[in-house]
2 protein chains.
Amino acid sequence: MSELSAQERIKIAATKVFTLKGLEGARMQDIADEANINKAMLHYYFRNKKQLFEIIFEEKLHKIFGAMELLIFSKDAFENRIRAFVEKQISIVLEFPVMPIFVMLEVRKNPELLEGKFKNIPLDVIRDNFRKVIDAEVMSGNIRRISLEELLMNVMSLCIYPIIAEPILKYVLDLNQESYFELIEARKKSVSDLIINDLKILK
Amino acid sequence: MSELSAQERIKIAATKVFTLKGLEGARMQDIADEANINKAMLHYYFRNKKQLFEIIFEEKLHKIFGAMELLIFSKDAFENRIRAFVEKQISIVLEFPVMPIFVMLEVRKNPELLEGKFKNIPLDVIRDNFRKVIDAEVMSGNIRRISLEELLMNVMSLCIYPIIAEPILKYVLDLNQESYFELIEARKKSVSDLIINDLKILK
DNA sequence: ATTTAATTTAACCAAATGGTTAATGCAAAA
DNA sequence: TTTTGCATTAACCATTTGGTTAAATTAAAT
């Protein structure tokens with residue numbers, strides 16, 4: 001039935017259960033059932049619940065913030081970088097919509113979870129670099145003055161929220177799966193348009 | 001020490017624990033400790049964990065969507081209604097930032113949670129009404145054509161996400177509490193500006 | 001083929017957990 | 001003062017939970 005190794009199946013199962021139930025809410029037996037293996041195997045491949053959790057958590061964290069590098073390590077024009085980032089960000093979140101909710105909630109329970117988890121992603125470099133990019137655009141008169149903080153908050157919000165809030169939005173707006181999905185697909189363009197039009201308005 | 005009744009203290013404690021840990025992750029003993037009462041009191045005032053949870057959940061749900069009525073039951077001009085809604089929405093979420101995360105996650109675990117929980121908020125009326133408001137503005141040439149769905153997604157995203165993602169944003173953008181709070185306060189205006197400027201651009 | 005190592009399982013255990021109960025305190029009514 | 005009904009507590013119980021272990025099975029090395 002399954003081509004994957006026990007270890008891989010455990011990680012997939014653990015991701016499913018942890019993201020939905022959180023560290024304390026997840027049951028080792030549920031993870032074992034989901035992975036179709038004996039419960040003892042969980043402790044054979046991963047020392048205990050906490051360690052299994054942390055491995056999953058770190059993987060998901062990197063997935064979410066991996067897209068940020070697109071904003072920096074690209075030689076494209078500013079507008080196109082924004083468009084690429086928006087599209088990538090929406091696609092990533094669509095792949096696993098619970099991910100951001102999971103990360104936000106677990107970080108609130110245990111703030112130390114973030115410490116040292118961004119080794120591979122040089123946040124300070126990305127920040128400095130992107131501020132310079134924005135400044136250059138402002139100097140060239142291409143965009144209005146805006147802070148990195150405001151811009152990033154706007155883009156992340158518009159990309160992430162409509163996907164993580166899917167069940168609520170579908171209920172409130174009375175949408176079926178199909179029309180909801182069309183709306184999200186359309187956002188890959190409309191969010192970029194919104195952001196870029198906002199930047200072009202000179203105060 | 002506390003002026004509140006045992007029942008009130010339980011609800012406050014339960015809100016704190018449930019919103020952070022979820023239904024399965026929450027421990028009745030933790031709620032009792034947080035409320036400073038004997039564990040048996042929980043079952044004295046509320047039949048069981050599930051019932052206590054559902055009462056908390058419904059309350060929080062209404063708090064979040066209460067603001068939507070501002071968009072309808074106001075006689076203000078369109079632009080001002082948007083501004084009022086944005087300000088209200090941000091204030092509500094600031095009061096209890098875990099609330100939306102909690103609701104989004106629990107609804108994903110158990111979709112039936114939403115069923116029948118909007119008795120007091122006539123969603124269909126609000127939708128119809130607001131669509132008419134938008135149409136009227138479009139007809140008057142005040143705003144570009146936009147769907148209720150897109151507009152609501154944009155506004156909700158920009159208001160809610162930056163607050164629920166606080167710990168992550170502070171870490172990624174290297175912000176202290178003070179500068180983070182300033183940014184959010186500024187959004188009460190800047191989000192409205194962004195939305196309204198977008199609407200004024202005629203395609 | 002035999003030994004060795006890695007993988008998998010069922011049975012088990014101590015601790016934690018949701019929930020109950022019988023006894024106790026305690027204020028207002030009689 | 002006595003009684004009545006609500007509020008509160010400690011002790012208790014059955015079940016669940018994370019974790020262990022020793023035996024069994026399978027795969028790899030000799």
Side-chain angles (χ1 to χ4, degrees), chain A residues 1-60 98 102 105-110 112-113, chain B residues 1-60 98 102 105-110 112-113:
Chain A
M1 133 173 103
S2 87
E3 301 288 317
L4 295 153
S5 71
Q7 194 165 185
E8 267 314 308
R9 295 213 312 284
I10 291 172
K11 280 175 74 173
I12 293 170
T15 300
K16 197 168 171 181
V17 178
F18 275 133
T19 50
L20 226 48
K21 304 290 183 77
L23 171 58
E24 300 92 337
R27 303 286 165 242
M28 294 299 265
Q29 188 60 60
D30 290 350
I31 296 174
D33 291 349
E34 183 76 34
N36 246 300
I37 45 114
N38 187 283
K39 184 163 69 82
M41 296 287 282
L42 299 179
H43 298 92
Y44 179 73
Y45 286 108
F46 306 90
R47 212 182 315 285
N48 54 34
K49 196 186 188 184
K50 192 76 192 289
Q51 205 203 65
L52 178 55
F53 173 85
E54 294 210 337
I55 287 167
I56 304 298
F57 180 83
E58 198 163 345
E59 273 187 9
K60 297 305 147 198
V98 221
F102 166 66
L105 199 53
E106 294 300 324
V107 166
R108 275 180 191 273
K109 286 190 246 180
N110 181 6
E112 296 99 67
L113 272 177
Chain B
M1 133 171 107
S2 87
E3 302 288 317
L4 296 152
S5 70
Q7 194 166 182
E8 268 313 308
R9 295 214 311 285
I10 291 172
K11 279 174 74 171
I12 292 169
T15 300
K16 197 167 171 181
V17 178
F18 275 133
T19 50
L20 226 46
K21 304 289 185 79
L23 171 57
E24 298 95 333
R27 303 286 166 243
M28 295 299 267
Q29 189 59 59
D30 290 350
I31 296 174
D33 291 349
E34 183 77 33
N36 245 301
I37 44 112
N38 189 284
K39 184 163 68 84
M41 297 286 283
L42 298 178
H43 299 92
Y44 180 73
Y45 287 110
F46 306 90
R47 211 182 316 283
N48 55 34
K49 196 185 187 185
K50 192 78 192 287
Q51 205 204 61
L52 177 55
F53 173 86
E54 294 212 336
I55 287 167
I56 303 297
F57 181 84
E58 199 162 344
E59 272 189 19
K60 297 307 148 195
V98 220
F102 166 66
L105 199 53
E106 293 301 324
V107 165
R108 274 180 191 273
K109 285 191 245 181
N110 181 5
E112 296 98 66
L113 271 177

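Only heavy atoms go into these numbers, but all of them, side chains included; no hydrogens, no water, no symmetry mates. Chain A is the first sequence line, chain B the second, and so forth, proteins listed ahead of strands; every chain is numbered from 1.
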- Query: What closest approach, in Å, do H43(A) and N48(A) show between heavy atoms, and which atom pair accounts for it?
  - Reply: CD2-CA, 4.1 Å
- Message: Rounded to whole Å, how long is the line connecting atom CD of Q29(B) with atom P of dG18(C)?
- Response: 9 Å
- Between E24(B) and R27(A), is the closest basic N to carboxylate O distance under 4.0 Å? no
- Message: If you compare all heavy atoms of T19(A) against all heavy atoms of F102(A), which two are closest, and at what distance to 0.1 Å?
- Response: CA-CD1, 3.4 Å
Would you list the protein and nucleotides 10-14 of chain C atom pairs, both N or O, that sit under 3.5 Å from each other?
from	atom 1	to	atom 2	distance (Å)
dA10(C)	N7	N38(A)	ND2	3.4

- Query: Are any side-chain N or O atoms of K109(B) and backbone N or O atoms of K21(A), one a donor and one an acceptor, separated by less than 3.5 Å?
  - Reply: no
- Under 3.5 Å, side chain of K49(A) to main-chain N/O of A26(A), donor-acceptor pair present? yes
- Message: Applying the salt bridge (Lys or Arg N to Asp or Glu O under 4.0 Å) criterion to K11(B), which one of E59(B), E34(B), E58(B) satisfies it?
- Response: E59(B)
- Message: How many whole angstroms separate atom CG of D33(B) from atom P of dA16(C)?
- Response: 13 Å
- For DNA chain D, find the residues of residues 41-53 of chain A with a heavy-atom distance under 4.0 Å and give them by number; none if there aren't any. H43(A), N48(A), K49(A)
- Message: Ignoring hydrogens, what is the shortest heavy-atom contact between A32(B) and N38(B)? Give both atom names and the distance.
- Response: CB-C, 4.3 Å
- Minimum heavy-atom distance I31(B)-I10(B), with the two atoms named: CG2-O, 4.2 Å
- Message: Please give me every residue in residues 17-27 of chain B whose heavy atoms get under 4.0 Å of an atom in DNA chain C, ordered by residue number.
- Response: A26(B), R27(B)
- Query: Side chains of D33(A) and Q29(A): is there a donor and an acceptor less than 3.5 Å apart?
  - Reply: yes
- Query: For N36(B) and R9(B), which heavy atoms make the closest approach, and how far apart are they?
  - Reply: O-NH2, 3.5 Å
